[in-house]
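Encoded as structure tokens, the structure appears first; notes follow it.
Just follow the structure's listing: the first ligand is 1, and inside any ligand the first atom is 1. Below, each value reflects all heavy atoms present in this structure, side chains not excepted, and no hydrogens, waters or symmetry copies. In what follows, residues are counted from 1 in the order of the sequence shown.
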Amino acid sequence: MIYARVAGTGSYLPGAPVTNDDLVARGIDTSDAWIQERTGIRSRHLASPEVTSSQLAQEASLRALEAAACTPNDIDLVIVATSTPDYIFPSTATLLQARLGMSNGAPAFDVQAVCAGFAFAIATAEKFIRSGSHKRALVVGAEVFSRILDWNDRGTCVLFGDGAGAVVLEASERPGILATALHADGAQNQILCVPGQISRGQVTGDPFLRMDGQAVFKFAVKVLSDVAKEVAELGGVPLDAVDWLIPHQANIRIIQATGKRLGVAPERVIATVGAHGNTSAASIPLALDAAVRDGRIRRGQKVILEGIGGGFAWGALLLEY
Ligand code: UT7
């Protein structure tokens, strides 16, 4: 039996933290008290204008490669989850491949499932590895969401941040990913979207993130609970035997409500949203790397990672770290 096992993790956040009070000082009609009470967010990182997702991905990847003790050319599959790619094309994954100096012809492509993107990307890489066709995948979530925020819309601009997280997955006879579950419901595509495009050299539609916050909130709590139960059942591991739950880091109230519905104690739920804000596809690998590096997640422990985002798309992974 071949498993896809986490060999190393890495992450990167651009620049210094930008606090809620910093946003107020920049003229946004909000307050630290409102943001903390409704979301748990204290600060986020915002990339400077010239920094792109592929650059953030490169920094996170170098850390993950080092943790996995391998070089870029040891990687035979590159998948980047992003909704804020450097270009319309080529993919951010190929730009990352070039940045890393990879010359082995490994396939590289992007996955677009917004905040669920990392779960979709890992599940995809896992299928390649389990099939025996590939041995070592670099899977990255990287975002510069600050570029698609309407800074005049206080209901959304205070929620998001920029960053990247990466995982090296490798083929192993020792258990790694035990189960995956992915879902989407296109009927919900309007409650969280950036409904614009580039056409004939012009931006058409609306190029900023739009969200029905309360609809997203309710949907998120329900499906994050359902999909965590589903993946635990698929993997044959009862929820009370799962050591760590890493939900998408959008809002501490969603994270807490999900943990409560699942009966997972708060101290077993990893939450980095306070310091990172919502970094979309980067949020899960950023949280995973933080908990691995600070020693909470240890080898042999069972972890559920779960994401949800525009589409709507959602998914979960159960793994033995
Ligand atoms: O990856 C998934 C991404 N999205 C999410 O996870 C978002 C899920 N939704 C949420 O987290 C919450 O719906 C929000 C945090 C976005 C909003 O919280 P809420 O409790 O649903 O607030 P609301 O939108 O109903 O707004 C309540 C009040 C309004 O004022 P009035 O009409 O009651 O006077 C807003 O204008 O809060 C006001 N408000 C703000 N006030 C200060 C909205 N944004 C802000 C703000 N600062 N940043």
Top protein contact for [atom], by heavy-atom distance:
{"atom": "atom 36 (O) of ligand 1", "value": "Arg154 NH2, 2.9 Å"}
{"atom": "atom 17 (C) of ligand 1", "value": "Trp34 CH2, 3.9 Å"}
{"atom": "atom 9 (N) of ligand 1", "value": "Gly213 O, 2.9 Å"}
{"atom": "atom 27 (C) of ligand 1", "value": "Arg38 NH1, 3.6 Å"}
{"atom": "atom 5 (C) of ligand 1", "value": "Val216 CG1, 3.7 Å"}
{"atom": "atom 15 (C) of ligand 1", "value": "Thr39 CG2, 3.7 Å"}

- Query: Could an N or O of ligand 1 be found under 3.5 Å from any N or O of Asn251, whether backbone or side chain?
  - Reply: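 By distance alone, the answer is yes.
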- Just distances here: any N/O of Ser31 and N/O of ligand 1 closer than 3.5 Å?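 Looking only at distances, the answer is no, because the N/O contact criterion of under 3.5 Å is not met.
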- Message: Does atom NZ (Lys260) have a neighbourhood of more than 12 heavy atoms from anything else shown, all under 6.0 Å?
- Response: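 No, the 6.0 Å shell around NZ holds no more than 12 heavy atoms from other groups.
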Backbone, side chain, both or neither: what part of [X] comes under 4.0 angstrom of ligand 1, heavy atoms only?
{"X": "Asn278", "answer": "side chain"}
{"X": "Val158", "answer": "side chain"}
{"X": "Val114", "answer": "neither"}

Short check: is a protein heavy atom less than 4.0 Å from [atom]?
{"atom": "atom 21 (O) of ligand 1", "value": "yes"}
{"atom": "atom 25 (O) of ligand 1", "value": "yes"}
{"atom": "atom 38 (C) of ligand 1", "value": "yes"}

